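Numbers here simply count residues along the sequence, with the first being 1. All figures in this text were calculated on a predicted structure; none of them were measured in a lab. Note that ligands are numbered from 1 as they come in the structure, with each ligand's atoms numbered from 1 the same way.
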Amino acid sequence: MQKNTMWLKFNLQSLRVISILAALLVGFWLPLRLIQFPLPVEYDWGVDILISVVSLVNIYLHFEENQLDYKKMSSWLRFGVVLDFICVLPLLWLEQKIFGYEHRALVLLNLLSARHIWRIKSFLDQFHSLQPVVYRLAPLLLMMPLLVHIVACGWIGLGSGTAGADPDKMFEYIKAIYWSFTTLTTVGYGDISAKTPAQMIYCCFIQVIGVGVFGFVLSNVASLLSRMDAAREHHMDNLDRMETFMRSHSIPSDLKLRVRGYFRHLWKNYRGYNDRSMLSELPTKVQSELLFFINKSITKKVPLFKGASQELLEDLMHELQPRIFVPGEKIFKVNEAGSSMYFIHSGTVEIINSEKKHLATLQEGAFFGEMALIFDQPRSATALAQTYCDLYTLSKESFNKVTSAYPEFKEHIQKVIHERTKNAA
Ligand code: CMP
């Protein structure tokens with residue numbers, strides 16, 4: 001059953017790709033045909049048959065994608081379906097039979113099928129793995145050249161303004177593309193301008209379209225560029241706000257340097273993002289997988305975690321919170337009440353007793369602050385960050401939760417405490 005659904009989805013996607021490509025081909029081919037660009041006439045029949053077939057496909061897609069009932073009359077009475085039915089008709093054949101080959105107006109109706117190019121957006125929505133940049137750029141890259149082309153062909157159809165007709169049809173087309181591009185993006189350079197009233201009206205119309213279309217393109221491209229380096233933008237924003245804050249409070253230079261140093265550390269190690277609040281918007285399962293992945297490095301660094309079971313690690317990952325300490329910062333003081341223990345991800349921490357005597361220097365992978373939690377007593381020593389320290393904290397509640405669920409974790413910590421007190425004695 002599921003296989004059938006997947007197969008149907010794959011079929012619909014393939015048909016949608018065909019429909020979009022055909023729309024693109026029609027959008028480029030027909031205007032050229034209508035301005036009598038020298039193209040092999042035999043291909044006209046091919047394109048006409050293609051449009052009829054693809055229009056049938058479009059009607060089928062309309063029903064399948066919207067899950068409409070074929071038996072209901074209301075499903076057929078849609079504007080889009082009527083337009084597709086018009087394109088199903090062999091318009092080229094009808095035109096030749098009724099008006100003769102020189103006539104072009106009826107074939108023009110086939111251009112209606114080019115509107116399916118818009119479907120590129122909803123088509124791309126199905127691919128969750130695509131980068132946001134693709135969603136934004138792909139429709140623009142498909143539609144903009146087509147618009148420039150259609151406008152250029154319209155301009156040639158009206159006589160190409162002051163540039164006039166050219167025996168070299170390719171050169172005439174290139175000049176029209178140039179006119180179309182400059183008129184759509186700006187108001188044109190005036191080197192090719194309108195001569196007849198029809199050309200003037202067309203020119204005004206295209207300029208109005210140009211304002212809207214290129215406003216849309218520019219805003220998309222601008223937001224795309226700014227998002228490309230969103231992390232740096234976000235970081236620079238934070239830094240700017242902090243600089244303004246420090247300036248308005250006349251903060252002394254050495255303190256300013258320390259703050260900047262902290263931001264540099266944040267950028268180097270976390271690309272400026274150390275805030276996990278955005279994860280709370282995710283479903284719990286995805287959240288826990290993400291946390292597990294983010295915190296994976298700490299499980300490799302801390303020997304205590306190395307032999308731990310997968311369940312214990314998964315539970316721990318949920319409870320660990322990252323914190324950064326700057327050089328010289330006291331992580332906690334002796335005799336303070338202990339509310340959490342710490343795991344060192346990177347950096348160096350010095351442990352000093354109440355007589356300011358050096359007890360130990362702890363590095364990457366070590367933990368400290370566990371005694372206060374195990375024995376429910378005040379801190380036995382002071383912990384001081386010697387360098388920038390990236391630590392993971394485990395709160396007392398989480399510690400109690402984990403140790404009661406996994407007694408082996410507690411035993412392991414007790415062994416380390418035993419070693420520490422033995423060495424200190
Ligand atoms: P706690 O008593 O909560 O706070 C101070 C911490 O310093 C203590 O837990 C231990 O984690 C750590 N500590 C105390 N003495 C030593 C030592 N001799 N060697 C290493 N770490 C120590």
Inset, instruction - Considering the heavy atoms of Leu359, write down every atom of ligand 1 situated less than 4.0 Å from one of them. - result: 15 (N)
Inset, instruction - Please name all residues satisfying ring pair (Phe, Tyr, Trp, His ring centres under 6.0 Å) with His149, sequence neighbours left out, ordered by chain then number. - result: Phe28, Tyr173
Legend entry - Sub-3.5 Å N/O-N/O distance, Leu362 and ligand 1: no
Inset, instruction - Before accepting this row, confirm whether a basic side-chain N of the pair Asp48/Arg33 lies closer than 4.0 Å to the acidic partner's carboxylate O. - result: no
Inset, instruction - Compare every heavy atom of Val54 with every heavy atom of Ala22, then report the nearest pair and how far apart it is. - result: CB-CG2, 3.6 Å
Legend entry - Shortest non-hydrogen separation from Ala372 to Arg379 and the atoms involved: CB-NH1, 3.6 Å
Legend entry - Residue-ligand contact Ala381/ligand 1, heavy atom below 4.0 Å: yes
Inset, instruction - Give the ring-plane orientation class for His235 versus Phe263, where under 30° counts as parallel, over 60° as perpendicular and anything between as tilted. - result: tilted
Inset, instruction - Classify the ring geometry between Phe332 and Phe368 as parallel (under 30°), tilted (30 to 60°) or perpendicular (over 60°). - result: tilted
Inset, instruction - Using non-hydrogen atoms of the residue, decide whether Gly369 is closer than 4.0 angstrom to ligand 1. - result: yes
Inset, instruction - Looking only at distances, please establish whether an N/O atom of ligand 1 is found under 3.5 Å from an N/O atom of Gln377. - result: no
Inset, instruction - Please lay out, stage by stage, how Tyr392 and Tyr342 fare under the test side-chain contact (heavy atoms from CB on, under 4.5 Å). - result: CA-CA 6 Å; Tyr392 279 81; Tyr342 300 77; over 6 Å; no
Inset, instruction - Taking only heavy atoms of Arg420 into account, list the atoms of ligand 1 that are under 4.0 Å away from them. - result: 10 (C), 11 (O), 18 (N), 19 (N), 20 (C), 21 (N), 22 (C)
Inset, instruction - Please state which part of Met341 comes within less than 4.0 Å of ligand 1, counting heavy atoms only: side chain, backbone, both or neither. - result: neither
Inset, instruction - With heavy atoms of Ala372 as the reference, note each atom of ligand 1 found under 4.0 Å away. - result: 1 (P), 2 (O), 3 (O)
Legend entry - Proximity to ligand 1 by part of Ala360, non-hydrogen separation under 4.0 Å: side chain
Inset, instruction - Check ligand 1 against Phe368 and write out every atom of the ligand that is under 4.0 Å from a heavy-atom position of the residue. - result: 11 (O)
Inset, instruction - Report the part of Phe332 in contact with ligand 1, treating N, CA, C, O as backbone and CB onward as side chain, heavy atoms under 4.0 Å; options are side chain, backbone, both, neither. - result: side chain
Inset, instruction - Measure from atom 12 (C) of ligand 1 to every heavy atom in Ile351, Asn335, Ile417 and give the option owning the shortest one. - result: Ile351
Legend entry - With Trp155, the ring pair (Phe, Tyr, Trp, His ring centres under 6.0 Å) member among Phe181, Phe205, Trp179: Trp179
